[in-house]
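Worksheet: the structure to be examined is printed underneath.
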Amino acid sequence: MSLTIGVPKETAAGEKRVATVPEVVEKLVKLGFAVAVESGAGDLANCSDDSYRAAGAQVVDGAAKLWAAADIVFKVRGPSQDEVGLMREGQTLISFIWPAQNPDLMQQLAARKVTVLAIDALPRVLSRAQKMDALTSQAGVAGYRAVIEAANAFGRFFNGQITAAGKVPPAKVFIAGAGVAGLAAIGTAAGLGAIVRANDTRAEVADQVVSLGGEFVKVDYEEEGSGGGGYAKVMSEGFQQAQREMYAKQAREVDIIITTALIPGKPAPRLITAEMVQSMKPGSVIVDMAAEQGGNCELTEPGQSVVKHGVTIVGYTDLVSRLAKQSSTLYATNLFRLAEELCKTKDGIINVNMEDDAIRGLTVIKDGAITWPAPPLVVAAPKPAAAAAAVPAAKKGHGHGAPSEPMAGSTLAIMFGVAAALFWFIGANAPAAFLGHFTVFVLACFVGYMVVWNVTPALHTPLMSVTNAISSIIAIGALVQIAPPLTEALSVGRPTDAIRWLAVVGIVLTAVNMFGGFAVTHRMLAMFRK
């Protein structure tokens, strides 16, 4: 018998999201599940009860009936005290839990003898887990919305303009933290025409910032800031002092600051001091995306938008809910991908496989037993490193590792000698016309190699398309074959009908190659333009 997925209405204040949407309900039904949705659960996300019914879900009146009917519960926020009381033994809950920050909730859920999968505990280092990564999908929405809130509070255009009434300079935006939310904010602000600068403790994100149209501002202090699971780590006091000096300089220059710095399990680091706020130009804006964890700005008031020292400080904690339809759709897709992993048989029955690294990391309570935190993932040693270690050992024993050693001088001399003799033989016996063509061929190979080598790797694919089109110059040879007057003038003989028809086919194919190559190149290059 298939299980029923229940989707209750969120009870947290200001929460507009819903755990699944009608488009995803249809996919869950195809997996074999029955779906029940509490009446009104999707109203704030523009998902009506009728749309759920049309997708194949049963709409249930009241939370008590919904929780009683559900074998698996999809939620956005962790359950409230009342919702915990509605749970029964054997149920499975999938939602954001934050076990490190909510130990009391963990104990209450364990006492109900339920199984809990915390979507926030997903091991993000697993590449196959990306499709289930709700933290990433929601952070992208929040980063986009942060720029929209900044634009709403800012009194000018983002992009520079020259009008009859005068010149409008572009807004300058500084983004502290270039994680998923920060990168989304960078792309949005740059798309609106602002001059965007960004900083992060992880040096490897610099290229990502530049690729989105921003400028990476480096702290004048050498220290690596990468932490586990793609997060940043807590930096040394020396680095933090240099970082504060850089932030103070940016605060005096820019119009908008968006802060995104968060470290899991710790209060939000204070990056923007009251003195920095005072130094900002009147009318400037700060959007503090870390407000829910205390805020990156010293003057942030969580949940509020306030004006202090002439600067608007936006501390909304519901940025994701302000785009409820979009964020609900992304979150519902994440949960559907998780359901696919739990129900690989597509019969509406889930299997919480604790041998699966991704499922084991998500499972914080199994049948009433607390299983959080998950054991560290065992990462296999990279093969290239093992191969590199084997080379010195082979050299030491002068055994089978000899082929990896540098080529001996005598062997190299013999190879060059054979090549020289071969070229002399060709030159002595081949027609003069062949030598001329061969010389052009060798020079073309060399020039082509040097040209491609100096092209940005990102453009290699469009480059191949256009070179493919240019290579269709062979169409000229086919044209010669189907034009008798021209062939007679060139004294190359009159082609037979078979050759002429073969030339026609060649022209058709090369025409497709030429026009298709240029068309593909144009479309690919358009992806790199704003």
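As a basis for the values below, the full set of heavy atoms in this structure was taken, side chains included, without hydrogen atoms, waters or symmetry mates.
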Any donor-acceptor N/O pair, [X] side chain to [Y] backbone, under 3.5 Å:
X: Asp288; Y: Thr300; answer: no
X: Thr260; Y: Gly177; answer: yes
X: Ser321; Y: Ala324; answer: no
X: Arg88; Y: Trp67; answer: yes
X: Asp120; Y: Ile97; answer: yes
X: Ser328; Y: Val18; answer: yes
X: Asn159; Y: Gly193; answer: no
X: Thr4; Y: Asp71; answer: no
X: Asn46; Y: Lys325; answer: no

What's the separation between atom [atom1] in [X] and atom [atom2] in [Y], rounded to the nearest 0.5 Å?
X: Leu335; Y: Ile72; atom1: CG; atom2: CD1; result: 11.0 Å
X: Tyr144; Y: Thr188; atom1: OH; atom2: OG1; result: 6.5 Å
X: Arg270; Y: Thr259; atom1: CZ; atom2: OG1; result: 10.5 Å
X: Ile365; Y: Gln108; atom1: CD1; atom2: CD; result: 10.0 Å

Item to check | Side-chain donor-acceptor contact under 3.5 Å, Asp255 with Ser284 | outcome: no
Checklist entry - Side chains of Thr273 and Glu298: is there a donor and an acceptor less than 3.5 Å apart? => result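 Looking only at side-chain atoms, Glu298 and Thr273 do not form any donor-acceptor pair under 3.5 Å.
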Item to check | Whether Phe154 and Phe158 hold their rings parallel, tilted or perpendicular, with breakpoints at 30° and 60° | outcome: perpendicular
Checklist entry - Do the ring planes of Phe174 and Tyr247 sit parallel (below 30°), tilted (30 to 60°) or perpendicular (above 60°)? => result perpendicular
Item to check | Check: Val217 and Met246 side chains under 4.5 Å, non-hydrogen atoms | outcome: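 Yes, at least one pair of side-chain atoms sits under 4.5 Å.
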Item to check | Student check: side-chain heavy atoms of Arg17 and Gln138 closer than 4.5 Å | outcome: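 Counting from C-beta outward, Arg17 and Gln138 do come under 4.5 Å.
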Checklist entry - Given Met354 and Thr371, is the side-chain contact (heavy atoms from CB on, under 4.5 Å) satisfied, shown in steps? => result CA-CA 10 Å; Met354 300 296 275; Thr371 58; 4.1 Å; yes
Item to check | Verdict with reasoning, Asp367 to Lys113, per salt bridge (charged side-chain N to carboxylate O under 4.0 Å, His left out) | outcome: CA-CA 5 Å; Asp367 298 327; Lys113 298 188 184 312; over 6 Å; no
One thing to verify: whether [Y] and [X] come together as a salt bridge, which I'm taking to mean a side-chain N less than 4.0 angstrom from a carboxylate O.
X: Lys65; Y: Glu38; result: no
X: Glu237; Y: Arg244; result: yes
X: Glu149; Y: Arg145; result: yes
X: Arg124; Y: Asp133; result: yes

Next on the checklist: According to side chain to side chain donor-acceptor pair (under 3.5 Å), does anything in residues 353-366 pair up with another residue at least two apart or in another chain? List the pairs.
Outcome noted: Arg128-Asp356
Item to check | is_close_aromatic(Phe96, Tyr331), centroid dist under 6.0 Å | outcome: yes
Without placing hydrogens or testing angles, list every side-chain donor-acceptor pair under 3.5 Å for residues 6-14, not counting sequence neighbours.
from	atom 1	to	atom 2	distance (Å)
Glu10	OE1	Lys75	NZ	3.0
Glu10	OE1	Arg77	N	3.2
Glu10	OE2	Val76	N	2.8

Next on the checklist: Show the nearest heavy-atom pair for residues Asp200 and Gly179, with the distance to one decimal.
Outcome noted: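 Heavy atoms of Asp200 and Gly179 come nearest at OD2-N, 3.9 Å.
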